[in-house]
Student: 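To start, I am sharing the structure in question, which I have written as structure tokens.
Whatever order the structure lists them in is the order used to number ligands and atoms, beginning at 1.
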Amino acid sequence: MVSRVEHPAASYKKIFESVEELNEPIPAVITGVIPSWLGGSLLRMGPGLFEVGDEHFQHLFDGQALIHKFDLKNGQVTYYRKFIRTDAYVRAMTENRVVITEFGTAAYPDPCKNIFSRFFTYFRGIEVTDNCLVNVYPIGEDFYAVTETNYITKVDPDSLETLKKVDLCKYLSVNGVTAHPHTERDGTLYNIGNCFGKNMSLAYNIVKIPPVPKDKSDPIEKSQVLVQLPSSERLKPSYVHSFGMTDNYFVFVEQPVKINLLKFLSAWSFRGATYMDCFEPNASMGTWFHLASKEPAGYLSSHKFRTSAFNLFHHINAYEDEGFIVVDLCAWKGHEFVYNYLYLANVKEEWEEVKKAAARAPQPEEDRGKNLVSLSYTTATAVLHSDGTIWLEPEVLFSGPRQAFEFPQINYSKCCGKKYSFAYGLGLNHFIPDRIVKLNVQTKETWVWQEEDSYPSEPLFVPSPGATEEDDGVLLSIVVKPGAQRPGSLLVLDARNLTELARAEVNTIIPITLHGTYKP
Ligand SMILES: CCCCCCCCCCCCCCCC(=O)OC/C=C(C)/C=C/C=C(C)/C=C/C1=C(C)CCCC1(C)C
Ligand SMILES: [Fe+2]
């Protein structure tokens with residue numbers, strides 16, 4: 001699956017540019033045949049506004065949250081999008097400037113205010129962003145657009161209207177949770193987040209939101225902390241973007257990208273500080289794996305699993321087999337933070353510059369290990385050392401120079417936490433998304449969908465009704481082809497071999513989307 005594709009025209013810049021929301025859904029022009037059983041909505045989140053007034057957002061994860069929807073019904077498709085009315089968005093629109101500090105862009109006090117109110121603005125404390133550009137998923141019967149802070153935003157999945165802002169701190173002892181919860185068949189939802197505990201102690205809390213109660217009340221009100229995991233450093237928790245879940249265990253990977261809490265708490269009183277300024281690498285800790293049992297919930301503190309340094313954003317899947325826990329991840333070798341390379345100025349460079357920057361960044365490839373684990377199908381190793389630590393070496397499932405397999409998806413309803421064969425992902429070519437990949441995690445066989453000057457998004461797997469095979473279903477991805485007559489499209493691929501079944505094209509550019517949900 002190693003791509004040799006080049007992008008000299010740099011048309012990928014278009015997916016990092018602002019667009020307007022739509023007043024009503026627009027019909028798409030369909031080629032091919034959309035399976036008749038495929039009726040529902042593809043909901044996705046991403047940044048859609050990259051500047052306000054004369055101020056530009058700096059980082060890929062700063063643009064204001066835009067929700068996208070492709071509706072599929074009776075073989076017809078429409079496309080719709082709306083900006084989420086977060087406080088960050090509404091206040092930016094009202095004041096025509098960045099009002100709330102984003103991940104990599106600082107807000108400055110209003111220059112029109114007098115010196116006293118500007119002074120007090122500095123000391124009002126941290127105004128945490130609610131810019132929910134990362135993902136949208138259901139909690140009970142409701143849908144929420146989310147980032148990684150304590151604020152999540154309830155949205156109407158039909159009209160895309162913003163309904164209400166919810167502060168998770170009211171219900172849970174966390175400073176934020178990931179945008180990648182796990183959901184069980186009955187609707188129970190698990191997530192993980194940093195918690196700056198008592199006496200400045202730090203921990204990661206795994207939290208649980210139950211299914212909708214019989215009285216139909218809001219399940220978020222019944223949230224609870226299930227288990228607490230310790231931080232390797234007292235004042236520096238690691239950045240956490242996702243976690244793994246098997247039938248009986250939670251898997252938390254503590255990566256060497258640290259949040260310096262002192263910097264975090266003090267940085268905000270200085271002009272121009274952002275979340276990005278509070279991260280720092282730990283060059284000596286490597287990467288720590290933590291396990292917690294689900295039932296009864298408890299941290300397994302006697303197990304000290306360690307491996308060499310990598311950045312981790314996305315778990316692919318984890319499962320138990322013959323007494324082992326197999327954990328599949330998208331890893332980036334090294335301790336330097338990959339997000340340092342995702343400033344908009346970098347990803348909007350000309351192609352040769354994009355390639356040079358990606359060559360300096362942590363690499364998605366890994367080295368091969370020795371076969372000491374007794375599972376017949378893996379070369380991954382786990383070696384017990386005299387100090388009680390267990391040193392892990394991975395088996396590399398895919399590796400290519402500056403070619404990442406990222407934004408992984410699986411047949412979630414069938415395979416989450418279970419032994420499985422197929423992962424689907426977005427192929428990043430020097431950070432530019434330019435192909436869709438299917439990977440057989442057992443045999444390492446790959447399949448690729450790729451088209452010239454086309455930039456796809458994370459492919460979501462939708463199973464065929466009554467399917468018995470793991471890969472019997474379709475992949476849905478938003479593809480942007482900037483030079484085309486109808487540059488935005490919904491692509492429907494046969495998940496068995498990545499052949500195109502249909503595409504539904506609209507006459508608008510669709511900016512980059514990060515994650516989303518298919519609502520049947
Ligand atoms: C789709 C194509 C992408 C093209 C480029 C991608 C390059 C790929 C690099 C690897 C994959 C990265 C995946 C990341 C995906 C993502 O969605 O990230 C978005 C994350 C955001 C917006 C995180 C925001 C987090 C915040 C504001 C956290 C705040 C906090 C702290 C830092 C400390 C604790 C408190 C608090 C407030 C929670
Ligand atoms: Fe993510």
Side-chain angles (χ1 to χ4, degrees), residues 12 15-16 44-47 57 59-63 65 88 100-105 126-135 137 146-151 168-169 174-181 193-196 202 204 236-243 257-261 263-265 267-268 273-279 310-315 329-332 337-344 346-348 354 357-358 361-364 402 404-409 425-436 455-459 477-478 480 511-516:
Y12 49 78
I15 59 176
F16 308 114
R44 293 191 60 79
M45 295 303 306
F57 289 108
H59 198 270
L60 177 58
F61 303 145
D62 294 343
I100 295 186
T101 290
E102 295 293 356
F103 196 60
T105 302
I126 301 169
E127 196 163 8
V128 172
T129 182
D130 60 347
N131 180 21
C132 48
L133 76 159
V134 186
N135 200 359
Y137 60 79
V146 302
T147 174
E148 296 179 354
T149 67
N150 51 309
Y151 294 119
L168 291 175
C169 288
V174 284
N175 297 86
V177 288
T178 79
H180 295 290
N194 293 119
C195 148
F196 305 162
L202 287 176
Y204 309 91
K236 296 178 185 171
S238 290
Y239 174 66
V240 46
H241 189 83
S242 67
F243 65 109
V257 174
K258 291 284 172 182
I259 302 162
N260 184 328
L261 190 57
K263 269 196 212 166
F264 183 75
L265 295 177
W268 292 72
T274 69
Y275 297 90
M276 274 298 284
D277 298 320
C278 306
F279 293 104
F310 61 79
N311 279 216
L312 168 66
F313 307 106
H314 297 123
H315 279 253
L329 310 165
C330 296
W332 298 75
F337 199 14
V338 170
Y339 287 6
N340 293 343
Y341 294 85
L342 301 181
Y343 280 91
L344 286 161
N346 303 124
V347 290
K348 290 177 79 173
V354 164
Q363 300 303 308
R402 325 295 174 244
F405 177 90
E406 258 294 349
F407 294 83
Q409 291 291 315
L426 191 57
L428 301 179
N429 178 0
H430 298 78
F431 293 130
I432 300 300
D434 71 359
R435 63 204 184 280
I436 294 170
Y455 304 101
S457 71
E458 168 193 68
S477 172
I478 295 181
V480 183
I512 189 162
T513 58
L514 297 170
H515 300 294

Student: What atoms of ligand 1 come within less than 4.0 Å of a heavy atom belonging to Trp332?
Tutor: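 Near Trp332, meaning under 4.0 Å from one of its heavy atoms, ligand 1 has 9 (C), 10 (C).
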Student: Nearest to atom 37 (C) of ligand 1 by heavy atom, Tyr12, Phe313, Tyr275: which?
Tutor: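 It is Tyr275 that holds the nearest heavy atom.
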Student: Can you tell me if His241 has a non-hydrogen atom under 4.0 Å from ligand 1?
Tutor: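 Yes.
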Student: Using 0.5 Å steps for rounding, measure from the CD1 atom of Ile512 to the CD1 atom of Ile478.
Tutor: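 Ile512 CD1 to Ile478 CD1: 11.0 Å, rounded to 0.5 Å.
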Student: List every atom of ligand 1 that sits less than 4.0 Å from any heavy atom of Leu428, numbering the atoms from 1 in the order shown and giving each element.
Tutor: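 Selected atoms, number and element: 7 (C), 8 (C).
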Student: Note the single closest protein heavy atom to atom 13 (C) of ligand 1, along with its residue, its atom name and the distance in Å.
Tutor: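 Going by distance alone, atom 13 (C) of ligand 1 is nearest to His314 CE1, 3.4 Å.
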Student: With the Fe ion (ligand 2) at the apex, how many degrees lie between NE2 of His180 and NE2 of His515, rounded to 10 degrees?
Tutor: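 NE2 of His180, the Fe ion (ligand 2) and NE2 of His515 span an angle of about 90°.
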Student: Applying a heavy-atom cut-off of 4.0 Å, say which part of Asn135 lies close to ligand 1: side chain, backbone, both or neither.
Tutor: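 Asn135 to ligand 1: no contact under 4.0 Å from either part.
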Student: Counting from 1, what ligand 1 atoms have a heavy atom of Ile259 closer than 4.0 Å?
Tutor: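 Those qualifying, in numeric order: 33 (C).
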Student: Nearest 0.5 Å, what's the OG-CZ distance between Ser477 and Arg44?
Tutor: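 CZ of Arg44 is found 7.0 Å from OG of Ser477.
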Student: Could you walk me through whether His315 and His180 pass the ring-ring contact (aromatic ring centres under 6.0 Å, His included) test, one step at a time?
Tutor: CA-CA 9 Å; His315 279 253; His180 295 290; 9.8 Å; no
Student: Return the OG1 to CD distance between Thr274 and Glu102, rounded to the nearest 0.5 Å.
Tutor: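 Going from OG1 on Thr274 over to CD on Glu102, the span is 10.5 Å.
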Student: What do you reckon, are the aromatic ring centroids of Phe279 and Tyr339 less than 6.0 Å apart?
Tutor: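 Centroid distance Phe279-Tyr339: not below 6.0 Å, so no.
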Student: In terms of atom number and element, which parts of ligand 1 are under 4.0 angstrom from non-hydrogen atoms of Leu426?
Tutor: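 Answer for ligand 1: 1 (C), 2 (C).
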Student: What's the spacing between Thr147 OG1 and Leu514 CG if we round to 0.5 Å?
Tutor: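 Nearest 0.5 Å value for the OG1-CG distance: 9.5 Å.
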Student: Closer than 3.5 angstrom, by distance alone: can the side chain of Asn131 be matched with the main-chain N or O of Asp62 as a donor-acceptor pair?
Tutor: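 Yes, because the side chain of Asn131 sits within donor-acceptor range (under 3.5 Å) of the backbone of Asp62.
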Student: Tell me the protein heavy atom at minimum distance from atom 34 (C) of ligand 1, and give that distance in Å.
Tutor: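 Its nearest protein heavy-atom neighbour is Phe196 CZ, 3.7 Å.
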Student: Around atom 35 (C) of ligand 1, find the nearest protein heavy atom and jot down its residue, atom name and distance.
Tutor: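 It is Phe264 CZ, 3.8 Å.
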Student: Quick one: nearest non-hydrogen protein atom to atom 4 (C) of ligand 1, plus distance?
Tutor: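 That would be Phe431 O, 3.5 Å.
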Student: Give the ring-plane orientation class for Tyr455 versus Tyr12, where under 30° counts as parallel, over 60° as perpendicular and anything between as tilted.
Tutor: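 Plane angle over 60°, so perpendicular.
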Student: Any atoms of ligand 1 less than 4.0 Å from a non-hydrogen atom of Pro433? List them with their elements.
Tutor: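 Reading through ligand 1 atom by atom, the close ones are 2 (C).
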Student: For atom 24 (C) of ligand 1, what's the nearest protein heavy atom and its distance?
Tutor: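 For atom 24 (C) of ligand 1, the nearest protein heavy atom comes out as Phe103 CD1, 3.5 Å.
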Student: Take every heavy atom of Asp62, measure it against each atom of ligand 1, and state whether any distance is under 4.0 Å.
Tutor: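 It does not; every heavy atom stays at 4.0 Å or beyond.
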Student: Nearest 0.5 Å please: distance from the SG atom of Cys330 over to the CG atom of Leu312.
Tutor: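 CG of Leu312 is found 8.0 Å from SG of Cys330.
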Student: Classify the contact between Ile512 and ligand 1 as side chain, backbone, both or neither, using a heavy-atom distance cut-off of under 4.0 Å.
Tutor: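 Side chain only.
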Student: Please check: side-chain N/O of Tyr204 versus main-chain N/O of Pro237, any donor-acceptor pairing under 3.5 Å?
Tutor: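 It does not hold such a pair.
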Student: Applying a heavy-atom cut-off of 4.0 Å, say which part of Asn150 lies close to ligand 1: side chain, backbone, both or neither.
Tutor: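 Neither part.
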Student: Out of curiosity, Thr105 OG1 to Phe61 CZ, how far, rounded to the nearest 0.5 Å?
Tutor: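 One gets 12.5 Å once the value is rounded to the nearest 0.5 Å.
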Student: By the definition side-chain contact (heavy atoms from CB on, under 4.5 Å), identify the one residue from Leu202, Val177, Val174, Ile259 that meets it with Asn194.
Tutor: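 Exactly one pass, corresponding to Ile259.
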Student: Are Thr513 and ligand 1 in contact, using a heavy-atom cut-off of under 4.0 Å?
Tutor: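 Per 4.0 Å heavy-atom rule, Thr513 contacts ligand 1.
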Student: In terms of atom number and element, which parts of ligand 1 are under 4.0 angstrom from non-hydrogen atoms of Thr147?
Tutor: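 Counting atoms of ligand 1 from 1, those under 4.0 Å from Thr147 are 22 (C), 24 (C).
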Student: Show me which atoms of ligand 1 lie under 4.0 Å from any heavy atom of Phe279.
Tutor: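 The atoms of ligand 1 under 4.0 Å from a heavy atom of Phe279 are 32 (C).
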Student: Nearest to atom 14 (C) of ligand 1, what protein heavy atom do you find, and at what distance?
Tutor: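 Among all protein heavy atoms, the one nearest atom 14 (C) of ligand 1 is Tyr339 OH, 3.3 Å.
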Student: Among protein heavy atoms, which lies nearest atom 27 (C) of ligand 1, and at what distance?
Tutor: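 Minimum-distance protein heavy atom for atom 27 (C) of ligand 1 reads Thr149 CG2, 3.6 Å.
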Student: Considering non-hydrogen atoms of the protein only, which is the closest contact for atom 17 (O) of ligand 1, and what is the distance?
Tutor: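 Protein heavy atom with the smallest distance to atom 17 (O) of ligand 1: Val134 CG1, 3.2 Å.
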Student: Check all N, O or S atoms of His241 and name the one closest to the Fe ion (ligand 2).
Tutor: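 The His241 atom nearest to the Fe ion (ligand 2), restricting to N, O or S, is NE2.
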Student: Going by ring pair (Phe, Tyr, Trp, His ring centres under 6.0 Å), His314 matches just one of Phe407, Phe243, Phe405. Which one?
Tutor: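 The residue from Phe407, Phe243, Phe405 that satisfies ring pair (Phe, Tyr, Trp, His ring centres under 6.0 Å) with His314 turns out to be Phe407.
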Student: Do side-chain atoms of Gln363 reach the backbone of Ala358 as a donor and acceptor pair under 3.5 angstrom?
Tutor: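 A pair under 3.5 Å: yes.
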Student: Ignoring hydrogens and geometry, is there a side-chain-to-backbone donor-acceptor pair from Asn135 to Ala179 under 3.5 Å?
Tutor: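 Yes, the answer is positive, given that a donor and an acceptor are paired below the 3.5 Å cut-off.
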Student: Select the closest option to atom 23 (C) of ligand 1 among Glu148, Met276, Met45, His430, judged by heavy-atom distance.
Tutor: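 The nearest heavy atom belongs to Glu148.
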